[in-house]
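The structure presented is a predicted model; accordingly, all values stated were derived computationally and were not measured. To find a chain, count down the sequence lines: A is the first, B the second, and so on, and within it residues start at 1.
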There are 2 protein chains.
Amino acid sequence: MRQVTRDREATSRRILEAAGDLFAAHGYDQVTMRMIAAEAGANVALVNRYFGTKAALFAEALATGSTIESVIAGDPAGLAGRLAHRLAVRLQSGATEPVTRMVDRAGTSPEIQAILRAHVEATVVKRIAAQLDGPHPEQRALLAATMILGTGSVRRLFGPGVIEAVDAEEVEARLRSMFEICLRP
Amino acid sequence: MRQVTRDREATSRRILEAAGDLFAAHGYDQVTMRMIAAEAGANVALVNRYFGTKAALFAEALATGSTIESVIAGDPAGLAGRLAHRLAVRLQSGATEPVTRMVDRAGTSPEIQAILRAHVEATVVKRIAAQLDGPHPEQRALLAATMILGTGSVRRLFGPGVIEAVDAEEVEARLRSMFEICLRP
DNA sequence: AGAGTTAGTAGACGCTTGTTTACTTGTCAA
DNA sequence: TTGACAAGTAAACAAGCGTCTACTAACTCT
């Protein structure tokens, strides 16, 4: 009696959105199928019916959400600056993209680990590496990923606005220099 | 009939060690009290008897294990180099300290988050900040923590030896430059 | 208008979790 | 040697989990 109109597409979309929001907010392990169903205003059985399993739903939510691609794409010369700006903003604001938060809150379930690895590799490491000249581009892209994921962990532990109090521009400048060093040939 | 001698101290020490190893290897959520008891060769009820709750046991294991203190302590001038070396080694070897792995594998349980935050703040951020001159030492220490925690995430996702194949010394040199930038006044 | 397809629901299944209770057994002082 | 205290054990508890099955009700098409 919850649904007034019966619309499979709309319902499964609401489920996917709810899953993305909740996984990003609380992490894979802390989110239950019942929470997702409730948030989407749908029945638990439908979630399994449409997405099969919890891990599959996570994978789909991960793939659906917006990624960091837009920041990486563009002029290779400004890549370090763009990444630094993005991270500085993320460290301060409470409003970060669900996808990046999903990565650093995903927990340690083995079946999720593989999904995450593939996602980070495809959307972050490989895309950054593609912009780099010189030997071992993936190695340097991995160092950049280290910083990106590190800000995620720091934010998770210390909350948003942890660096806000002090000079934000100086932090961004420092981050830019660090990215330049780890990205340059 | 498991125990030949009855020794409370020895048993609780074995439990604590087993908990530390397992938490570090698989993360808080993936480790069950029964796994810990089995690994320690003890009974499940004893774990609760001696440590109260799972979260309390985690906190105690976190506090017991060796920390990164030894790397931070020492000549402030060589701090960047020591941290870079430690991280480079961590990225390559399979043998990392339990405690640092515990931090990056700890998952997202709310009650664990506070414990972790306090631990990282006390043993990493404050200790690094204490070595720094100039304004906002904690801000720079936090950036260093970002890199430290980032290597943890990268290692979790991509496994040990991810950067091993290529030039390890170059990676360490790059990390050192990055640390120097984020730590300098 | 009626039959058939399908979205949606209620409820239970089996399993695992952290924790507790009631009991047994080894150890040591008197 | 015996009695008491503490270490250790087995089993169950209640709650929560992901998943599945059987059922109801709405929409569509002829």
Legend entry - Along DNA chain C (nearest heavy atom to each residue), the more 5'-positioned of A:V44 and A:R49: A:R49
Inset, instruction - Round to the nearest Å and state the distance from A:Y50 atom OH to D:dC20 atom P. - result: 16 Å
Inset, instruction - Could you tell me whether the side chains of A:Q30 and B:S109 share a donor-acceptor contact shorter than 3.5 Å? - result: yes
Legend entry - Phosphate OP1/OP2 of C:dT19: any B:N48 side-chain N/O under 4.0 Å: yes
Legend entry - Interatomic distance, A:M35 CE vs D:dC17 P [rounded to whole Å]: 8 Å
Legend entry - Within 6.0 angstrom of B:D75 CG, more than 12 heavy atoms from elsewhere: yes
Legend entry - Whether B:F23 and B:Y28 hold their rings parallel, tilted or perpendicular, with breakpoints at 30° and 60°: parallel
Inset, instruction - Can you tell me the distance, in whole Å, between the CZ atom of B:R6 and the P atom of C:dT24? - result: 14 Å
Legend entry - Given DNA chain D, 5'-ward residue of the pair A:A55 and B:R8, judged by closest heavy atom: B:R8
Inset, instruction - Write down the distance between CG (A:N43) and C1' (C:dA10), rounded to a whole number of angstrom. - result: 7 Å
Legend entry - Rounded interatomic separation in angstrom, taking CZ from A:F51 and C1' from D:dC20: 18 Å
Legend entry - Length of the CG-C1' vector between B:L46 and D:dT9, whole Å: 8 Å
Legend entry - Whole-Å gap separating P (D:dA7) and CZ (B:R14): 14 Å
Inset, instruction - Mind calculating the distance between CZ (A:R34) and P (C:dC13) to the nearest angstrom? - result: 14 Å
Legend entry - Backbone of B:I181 reached by a side-chain donor or acceptor of A:R174 within 3.5 Å: yes
Inset, instruction - Using a heavy-atom cut-off of under 4.0 Å over every strand shown, decide if A:V47 touches base, sugar-phosphate, or nothing. - result: nothing
